[in-house]
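The next block holds one structure in the form of structure tokens; read it before the comments.
Sequence lines set the chain letters: A, B, ... in the order given, protein chains first and strands last, and positions in each chain run from 1.
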Amino acid sequence: MPRGPRKTARRAPSRGRSRPAAGHSPARRRWLAPGFKVFVALAVAFGAYLVYLDARIRAQFEGKRWALPAHVYARPLELYAGMTLRPEELESELLALGYRQRGQPAVPGDFSRRGDGFRVYTREFRFWDGTEPPHRFQASFADGRLARLENGSDRPVRIEPLRIGGIYPGHHEDRVLVQIDDVPPLLVAALLATEDRDFYRHHGVSPRAIGRALLANLRAASVVQGGSTLTQQLVKNYFLSNERSLWRKAQEALMAVLLELHYSKAEILEAYLNEIYLGQDGPRAIHGFGLASHFYFARALDELRPSQIALLVALVRGASHYNPRRYPERARERRDRVLDTLVAQGRLDPDAGFKAKQEGLGVTPRPPGGSTRYPAFMELVRRQLQRDYRDEDLTSEGLRIFTTLNPRVQGRAERALSQRATRLEKIKGLPPDSLEGAVLVTTREGGEVLALVGGRQARFAGFNRALDAVRPVGSLIKPAVYLTALTSGEYTLATSLQDTTLRVRGPDGKVWAPQNHDHRTHGNVPLYLALAESYNLATARLGFSVGLRQVLNTLRKLGVERTVPAYPAVFLGAVNLSPFDVTQMYQTLAAGGFRTPLRAIREVSRADGEPLARYPLTVEQVVPPAEAYLITTALQQVIARGTGSALARRLPSGLTPAGKTGTTDDLRDSWFAGYTGDYLAVAWLGRDDNQPAGLSGAAGAMQVWGDIMEGLGPRPLRPVPPPDVAYAWVDSTGRLSGEGCEGATALPFREGTLPVERSECAGSSRADPVEKVVNWFKDLLR
Amino acid sequence: MTPALRLFWAGLALTVQISGCATQRGDQVPVEERGGPLATQAPGPSSSRAEPTAPRPRPQPSPVPPPPGPGTRPAATGPGPLAPSPASRSAPATPPPGRASAARRADPAVVALLKSARDQAASGDLTGAAASLERALRIDPQDPWTWYRLAVVRFQQGQLGQAEQFARKADTLAGTDTDVRARSWRLISLVREREGDPAGAQAARDKAQALSL
């Protein structure tokens with residue numbers, strides 16, 4: 001194309017020289033020359049302009065053709081008989097996936113429900129490890145469990161995962177790319193019939209169409225019809241301007257002609273199908289029929305009925321004017337016009353056309369989660385991906401990212417945080433919306449992040465407190481002190497600690513004099529009880545005995561990567577960590593002393609489904625099994641009898657979770673970290689302005705934790721005692737005792753650390769104190 | 001012996017067989033496995049990208065200890081030298097956690113996934129086998145046998161460090177199941193041999209030996 005302008009340019013200088021020529025009077029030449037010069041200059045400018053336009057339109061076309069944001073998916077729901085799941089939860093998962101409820105499932109994407117019985121016809125989905133073909137299954141529920149599952153195999157039924165968002169370049173455009181061969185023919189027919197009847201005949205602009213439009217507009221004395229070809233509309237979309245000037249139109253027409261010179265009709269049509277603007281979802285523009293199909297109907301383009309196809313085509317004329325969620329009447333009228341046109345042109349038989357017009361719009365009441373419902377979790381995914389991928393790849397390669405998010409757990413966590421925070425504000429007389437919080441929920445053994453809530457307004461991206469609120473953790477740090485003591489070999493759970501006044505002068509001359517929360521001292525207390533009751537004085541004394549460096553070392557082993565200052569106040573939690581950091585630390589305790597890096601991503605595959613990378617489960621043993629077992633037992637005591645006992649009263653009695661409360665100076669931060677048989681959850685409550693929230697760990701964050709677990713129906717925590725651990729009855733001073741003796745408690749001991757001193761009661765007890773514990777232990781397991 | 005248990009023995013035998021003759025198919029797509037803790041801060045200059053694991057040299061055919069025949073299963077009732085816990089000696093009326101986890105193996109979904117893992121490993125798709133085992137762990141994360149199988153797969157992939165760690169995990173979850181404990185320690189001895197740590201290998205072998213008595 002740029003040949004023309006260059007020719008003009010070459011001729012221009014020769015004409016520019018004032019060379020006398022015969023037959024022309026100087027006067028006339030003088031008059032002609034400037035005119036000609038102007039003409040030539042204009043021609044040059046126009047040529048250059050064409051070159052510019054050409055480059056611009058081609059860059060757009062090529063660039064947009066392949067720009068695909070990464071698609072991010074939640075975990076797929078895997079169904080198996082006996083799993084904890086309520087019928088409502090299966091139903092809401094299916095509805096979120098856009099499954100249609102009907103009397104009898106007929107096609108993939110259908111399901112029926114009668115009471116607690118389901119019949120489901122799943123859709124095909126290409127997972128990272130292969131394609132899950134469409135298949136039918138039946139399920140029934142009883143007592144909060146999936147009681148029966150019939151799918152012709154024992155393998156779990158893996159349902160397609162929910163798409164939870166995309167990773168877009170800065171301007172928030174989303175795409176679900178379609179290929180011209182996969183587009184329903186009726187859609188192309190409808191598009192050409194209503195928008196550009198001469199598409200296959202024109203060269204980018206259609207004088208006939210313009211003439212027709214002009215005539216119609218003159219008749220109506222206003223603009224009622226546009227003469228733009230699809231190519232012109234495509235160009236217009238590329239530069240998204242509402243300007244309707246003649247100059248703009250001319251520019252678009254030129255670009256349309258240029259585009260047609262470079263690309264085939266099929267290529268242009270495909271680009272159009274993927275580019276045209278069809279709606280708006282907050283800041284996210286809905287471009288292309290593939291995405292619009294999901295946006296309006298929550299289904300794939302090739303699953304649409306004729307009436308739905310006609311509605312999408314209707315939107316081409318004005319996605320906001322005909323917005324079917326906002327102006328259903330207008331949209332319907334316009335859709336029926338499209339259907340009429342199709343029938344009139346013989347593209348749809350009259351019966352089908354009539355039927356289609358009887359149908360409702362079929363639009364979902366709300367747009368499905370596309371621009372993400374889970375901005376805080378997405379932020380975590382993005383941060384991990386950025387370690388391994390370039391920004392351009394994430395926003396243009398259409399990668400498919402399979403994450404660990406469990407929408408059911410996430411929903412519980414979000415509700416628990418926002419509802420509990422509202423209640424606590426009222427109780428404590430705090431200004432509304434001043435209390436903030438964060439929650440993380442992971443799998444206890446696998447470290448998969450099931451839920452991440454970055455604040456009370458979970459739908460809005462903003463300050464992500466789960467990742468970025470780095471706050472003092474208070475007593476949450478204490479298990480590290482006690483674990484250090486237990487692994488040193490010098491201490492057992494029964495060792496007597498001194499909870500007495502402590503004054504320490506630091507190297508800077510300042511005196512550190514910690515206090516207990518109740519401002520009292522408790523004398524001699526067994527080690528496990530000092531942790532359960534979170535006594536500061538006993539803990540600080542223990543910290544000094546085992547050594548600051550050893551405690552810091554334990555913290556690092558547990559997975560705390562942030563720098564921790566080396567001063568004694570660390571023993572009582574003068575350490576700033578984010579909820580995410582705390583979760584990583586407790587993950588190691590919850591997983592029996594195996595550090596398990598938190599993961600938000602399972603797999604990444606290419607747009608075509610080809611697997612690209614896996615983020616596998618990895619573990620590293622950093623605490624010996626016996627000590628890991630002892631610390632978990634002690635943390636179970638926190639809830640059984642210590643600062644978390646309010647939790648034991650509200651949860652099922654056999655659950656025996658392990659956990660720790662955390663409270664900071666002046667009640668600014670309220671923390672709770674705890675785990676059950678299957679989940680680890682960490683909750684934080686506090687104020688963004690760091691003013692006191694008036695909440696202890698037990699009064700605030702622990703309530704949120706309890707709300708979450710109540711909703712999830714977790715499995716009981718029953719850690720396996722390692723072979724080198726034995727139980728024994730001990731009294732409050734740490735001597736061997738016997739069952740039924742005053743103040744006797746059964747505690748686990750690592751081999752070789754059993755107390756040797758016996759209480760008087762132990763002597764009188766008939767059986768060996770070690771043997772006697774068996775019955776007690778059996779009770780614990782029940 | 002319950003059918004589930006029989007199936008599991010058959011599976012184990014196959015797993016071990018595979019470990020001796022596993023080959024990485026040439027036509028397989030190299031899939032990267034990325035590790036490391038999940039960073040929540042923006043990556044710094046030192047942030048290292050995960051290495052692809054697929055092109056790693058295949059480990060030599062390994063002599064993973066053959067399973068005993070169904071009749072020769074070592075008795076798991078008597079406490080080993082390392083198991084003086086009263087819990088492990090408690091009456092069978094209330095099974096201790098170790099036993100409980102063995103009983104949970106009957107979960108058909110887990111069995112089906114273990115079978116998939118075995119088939120994938122048999123066809124050389126070790127990455128897929130690991131993924132199936134992880135799916136099984138999501139259903140029953142406390143099953144020491146699943147962890148042990150994951151250890152075997154990692155060993156076959158030449159990921160010795162993870163092989164040992166998963167074997168240790170199996171060991172700690174095993175409770176009184178001395179069989180899986182003995183196997184785990186035998187696998188650890190192989191790992192250490194390959195890592196050039198004969199003393200460590202011997203210690204692990206001794207431990208396995210003591211557990212098999």
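Residue contact with chain B, scored on non-hydrogen atoms closer than 4.5 Å, involves the side chain of R444(A) exclusively. Of the two parts of A628(A), neither the backbone nor the side chain holds a non-hydrogen atom closer than 4.5 Å to a non-hydrogen atom of chain B.
Of the possible donor and acceptor atoms, none in the side chain of Q621(A) sits under 3.5 Å from a partner among the backbone N and O of Q165(B).
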Check your understanding: Where do D154(A) and V111(B) land on the side chain to side chain contact (heavy atoms under 4.5 Å, CB included) test, with the steps shown first?
Key -> CA-CA 8 Å; D154(A) 278 339; V111(B) 173; over 6 Å; no
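The candidate with the highest count of non-hydrogen atom pairs below 4.5 Å against chain B, out of E603(A), M83(A), R158(A), E379(A), is R158(A).
Between R135(B) and R155(A) the shortest side-chain heavy-atom distance falls below 4.5 Å. Here the side chains of R138(B) and E448(A) are in contact, with some heavy-atom distance below 4.5 Å. Residues Y629(A) and T172(B) fail the side-chain proximity criterion, which asks for heavy atoms closer than 4.5 Å. By the 4.5 Å heavy-atom criterion applied to side chains, P616(A) and Q159(B) are not counted as neighbours. Looking at heavy atoms from C-beta onward, E445(A) lies in side-chain contact with K169(B) at the 4.5 angstrom threshold. Side-chain contact between P156(A) and I139(B) is present, with heavy atoms from C-beta onward closer than 4.5 Å.
When all heavy atoms of G677(A) and Q142(B) are compared, the pair lying nearest together is O-NE2, 3.5 Å. Of all heavy-atom pairs between T618(A) and Q162(B), the closest is CA-OE1, 3.3 Å. Across every non-hydrogen atom of L617(A) and F166(B), the tightest pair is O-CZ, 3.3 Å.
To the nearest 0.5 angstrom, D129(A) atom CG is 7.0 Å from Q120(B) atom CD. Expressed to the nearest 0.5 Å, how far CZ of F594(A) lies from CG of L173(B) amounts to 7.5 Å.
Remark: A131(B) pairs with W128(A), R614(A) by the side-chain contact (heavy atoms from CB on, under 4.5 Å) rule, at least two apart or across chains.
Looking at E134(B) and R602(A), no side-chain N of the basic residue comes within less than 4.0 Å of a carboxylate O on the acidic one, giving no salt bridge.
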